[in-house]
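Letters A, B, ... mirror the listed sequences (proteins, then strands); counts begin at 1. Not measured: the values here are computed from a predicted model.
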Amino acid sequence: MEKLEPMELVQKYTQLYHWAMDQFNNLPPSIEPTATGHIVEQIEMIKKIIADGYGYEANGSVYFDVVKYNDVYSKKNQPYGILSGRNLEEQLDTTRELENQEEKKNKVDFALWKKAPAEHIMRWQSPWGEGFPGWHIECSAMATKYLGKQFDIHGGGMDLQFPHHECEIAQSTVCNHEVPARYWMHNNMITINGRKMGKSYNNVIKLSELFSGNHPELTQAYAPMTVRFFILQSQYRGTLDFSNEALQAAEKALRRLMEAYEWLKAQSFVGEAKAKDEALDTQLNTWIAELTEFMDDDINTAKVVANIFEIIPVINSLKDKHITQDAVATSTWNHVQSQLVVFIESILGLKVEAGANLEQLKGVVELLIEIRKESKANKDFATSDKIRNQLMNMGIQLKDEKDGSMSYTFS
RNA sequence: GGUCCUGUGGCCGAGUGGCUAGGCAGAGCUCUGCAAAAGCUCCCACAGCGGUUCGAAUCCGCUCGGGACCUCCA
C-alpha cells in the first residue's frame with residue numbers, strides 16, 4: 001500500500017475520480033458528502049434503531065437484528081432481500097463461517113457499529129465505546145439527511161444490490177418508518193473481451209490507460225466521448241463488453257453522428273414552407289417524439305441512439321442536396337434541430353472533442369486547402385493528391401464537398 | 001454448494017408471443033479527375049435439444065457456455 005495518511009489517500013482518489021467524471025462530461029453533483037463527515041448522524045441513527053428494538057449491542061459493537069426485521073416486515077410484504085429476490089431461510093443455511101460470528105444472534109445480522117481493535121487507525125467515540133460505523137449505515141444516514149426519509153431514485157452497481165442495498169432498506173425503514181427509495185437503478189458490470197475485469201485475469205484497464213491507449217489489451221487510444229457513446233449504445237442494466245473492435249466501431253459511429261449533428265446545428269431554417277414529402281415529415285416527427293418515450297422506458301439510451309441514427313441520413317441528404325429543404329416543413333426542421341440539441345448534448349451528454357492548439361492547426365489546414373484548390377484548378381492532381389494523402393497519414397481527412405468547397409475532420 | 005442474471009448475424013448491441021432495431025465491418029450502385037465522405041440497396045441472426053401455442057429470439061423444461069452475489073471492501 002501507499003504510505004499516505006488516510007485522509008490524504010481519500011483526497012488523492014477523490015481528485016482522480018473528479019478528473020475522470022470531468023473527462024466523461026458528467027455534471028458534478030451539488031453535494032458529495034463523506035462518511036467520515038457524518039459520524040454524528042450515523043450514531044444518532046443507530047441509537048434510534050436500538051430504541052426501536054432492531055439493534056443490539058454486543059461487546060462494544062452494535063448489530064442489526066435481521067431475523068426480527070424479516071419476521072415483522074414480511075407481514076407488510078417487505079421481507080429482507082426484497083431487492084435481490086433472496087429469502088432469509090436460505091441465507092441462514094448457506095452463509096459461510098467468518099470470525100467474530102459468536103457476537104451476533106444470527107449469522108445474517110450485520111454490523112451497525114464496530115468496536116475498534118487497538119491497531120485500527122480510524123476511530124471515533126460513541127455510546128458503545130471507541131469504534132467505527134458499520135459499512136451500510138453511512139449511506140442511510142447521509143441519504144436521509146440530504147434527500148429526506150423517502151426519495152425517488154437510488155443508483156449503484158449490481159454488485160452492491162446484496163447485501164449493501166438490502167441493509168440500507170432495512171435500516172432506513174426501521175429508522176424512518178418509510179421505504180427509502182422509490183426506484184432502484186442498478187447498472188451492470190463491464191467485461192473485457194467477454195471476461196470480467198479483475199486482477200486475476202490481468203485485464204484491469206484504468207481510465208487514464210483507456211484514454212492514452214497505453215495498455216497491452218488496447219490497440220489504440222479511445223477518447224472519453226467514444227467510451228461514453230459506447231456505453232450509451234447499450235441499456236444500463238445489461239453487461240457491456242469492451243473490445244477494441246467494439247470501441248473502434250463506436251468511434252466511427254460517433255464521428256458520423258457528430259458531423260451530421262454539427263452541420264444541422266449550424267443551419268437556420270426560415271419560411272413557411274409546407275412539407276412536400278409528408279411521409280418524411282411525419283416520420284421525422286415520429287422519430288423525435290419516440291426519443292422521449294425511450295428515455296421514459298427505463299432510460300433506454302440504446303433505442304434513443306438508434307433513432308438518432310435513423311435521422312442522420314435525412315440530415316446528410318439535406319446537406320448533400322439529395323433532398324431539398326421544402327421536402328419537410330420548416331417547423332419540423334426546427335423541431336428536429338432543437339430536440340437533437342437537447343438529446344445529444346443535455347441528455348446523452350455528448351460533445352465535440354476539442355484538441356490542443358486547435359486554432360493554429362485549423363489555420364494550417366485552411367492554408368493547405370487553399371493550395372490544393374489552386375492545384376486542382378490547374379489540373380495538378382499530383383500536388384492535390386499529395387496534400388490530401390499526407391494529411392490523411394497524419395489523421396486529418398479532407399473531403400471534397402458537392403459545392404466545390406473542402407472540409408476536414410481530425411481523427 | 002446456494003440464489004439471481006445472462007447467451008441475438010463477422011463484432012458490439014436493442015427487442016418478451018406474430019410487425020425492418022441501430023452501429024461497425026463486408027458486397028453492389030450513385031455522386032466524383034481519383035479517393036474519401038455522403039446517399040441508396042444487399043447481408044434476414046436469435047447457444048443446443050424438447051415442450052406449450054394457429055404462431056416463440058420472446059413462455060416452460062433440460063443440457064452446455066458466461067457473469068454477479070452469498071454479511072463486516074462499500
Side-chain angles (χ1 to χ4, degrees), chain A residues 35 61 63-64 66 80-81 83-87 90-91 93-96 98-101 103-104 106-114 132-139 156-168 186 188-191 193-196 198 229-235 237-257 259-260 263 290 294 297 300-310 312-323 376 379 381-382 384-385 388-389 392 397-402 406-409:
Chain A
S61 294
Y63 295 96
F64 188 93
V66 173
Y80 181 79
L83 254 195
S84 51
R86 290 159 200 257
N87 77 63
E90 286 160 355
Q91 301 294 317
D93 300 331
T94 60
T95 304
R96 60 196 174 195
L98 290 161
E99 288 181 26
N100 296 326
Q101 293 280 9
E103 287 181 3
K104 302 192 211 173
N106 288 289
K107 284 196 285 189
V108 290
D109 292 353
F110 58 88
L112 294 167
W113 186 267
K114 281 298 283 183
F132 53 92
W135 303 118
H136 309 300
I137 195 75
E138 58 179 67
C139 295
M158 272 298 294
D159 51 336
L160 295 179
Q161 192 181 53
F162 188 92
H164 185 54
H165 292 154
E166 300 286 9
C167 294
E168 268 188 60
H186 289 109
N188 218 314
M189 304 287 105
I190 283 170
T191 56
N193 298 321
R195 292 215 156 266
K196 68 170 177 177
F229 176 74
F230 176 62
I231 292 168
L232 289 169
Q233 277 184 297
S234 68
Q235 214 274 346
R237 288 188 198 269
T239 54
L240 180 64
D241 191 48
F242 264 57
S243 65
N244 282 289
E245 209 175 357
L247 282 164
Q248 281 160 15
E251 183 179 79
K252 288 180 182 173
L254 177 63
R255 190 180 307 157
R256 186 154 84 93
L257 188 160
E259 273 183 49
W263 181 84
E290 282 173 343
F294 295 155
D297 181 15
N300 199 328
T301 53
K303 284 179 137 186
V304 169
V305 170
N307 255 36
I308 292 174
F309 271 100
E310 298 281 11
I312 285 174
V314 180
I315 298 172
N316 285 330
S317 291
L318 180 66
K319 181 186 174 193
D320 288 347
K321 299 184 170 55
H322 292 136
I323 62 171
K376 273 187 74 171
K379 305 275 180 201
F381 296 124
S384 69
D385 286 351
R388 186 181 63 200
N389 295 338
M392 175 73 96
Q397 188 176 78
L398 292 190
K399 283 175 276 190
D400 295 342
E401 300 294 345
K402 303 282 182 227
M406 293 178 200
S407 66
Y408 56 90
T409 50

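Residues satisfying the salt bridge (Lys or Arg N to Asp or Glu O under 4.0 Å) criterion with A:R256, sequence neighbours excluded, are absent altogether. The side chain to side chain contact (heavy atoms under 4.5 Å, CB included) search around A:S61 returns A:Y63, A:E103, A:K114, A:K115, not counting sequence neighbours. Qualifying ring pair (Phe, Tyr, Trp, His ring centres under 6.0 Å) partners for A:H186, counting only residues two or more places apart in sequence or in other chains: A:H165, A:W184. Under the rule for a side chain to side chain contact (heavy atoms under 4.5 Å, CB included), the partners of A:D241 that lie at least two apart in sequence or sit in another chain are A:T191. Taking the side chain to side chain contact (heavy atoms under 4.5 Å, CB included) definition, one finds that A:M189 meets it with A:M158, A:D159, sequence neighbours left out.
Contact annotation for A:L257: no contact, since no heavy-atom pair falls under 4.0 Å across all strands. Residue A:D385 is in base contact, counting any heavy-atom pair closer than 4.0 Å across all strands shown. Using a 4.0 Å heavy-atom criterion, one finds that A:K319 contacts no nucleic acid atom at all.
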Nucleotides 20-24 of chain B: which of its N/O atoms have a protein N/O under 3.5 Å away?
residue	atom	partner	partner atom	Å
B:rG23	OP1	A:R256	NH2	3.4
B:rC24	OP1	A:R256	NE	3.1

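Comparing atom distances between the A:F381 side chain and each of B:rG33, B:rG39, B:rC69 picks out B:rG33 as nearest. The A:S243 side chain lies nearest to B:rC12 when the options are B:rC69, B:rC12, B:rC34. Side-chain proximity of A:Q397 to the nucleotides B:rC72, B:rC69, B:rA37 is greatest for B:rA37. The side chain of A:F230 approaches B:rC12 more closely than any other nucleotide in the set B:rC12, B:rA14, B:rA37.
Side-chain nitrogen and oxygen atoms of A:N300 include at least one within less than 4.0 Å of the OP1 or OP2 phosphate oxygen of B:rG15.
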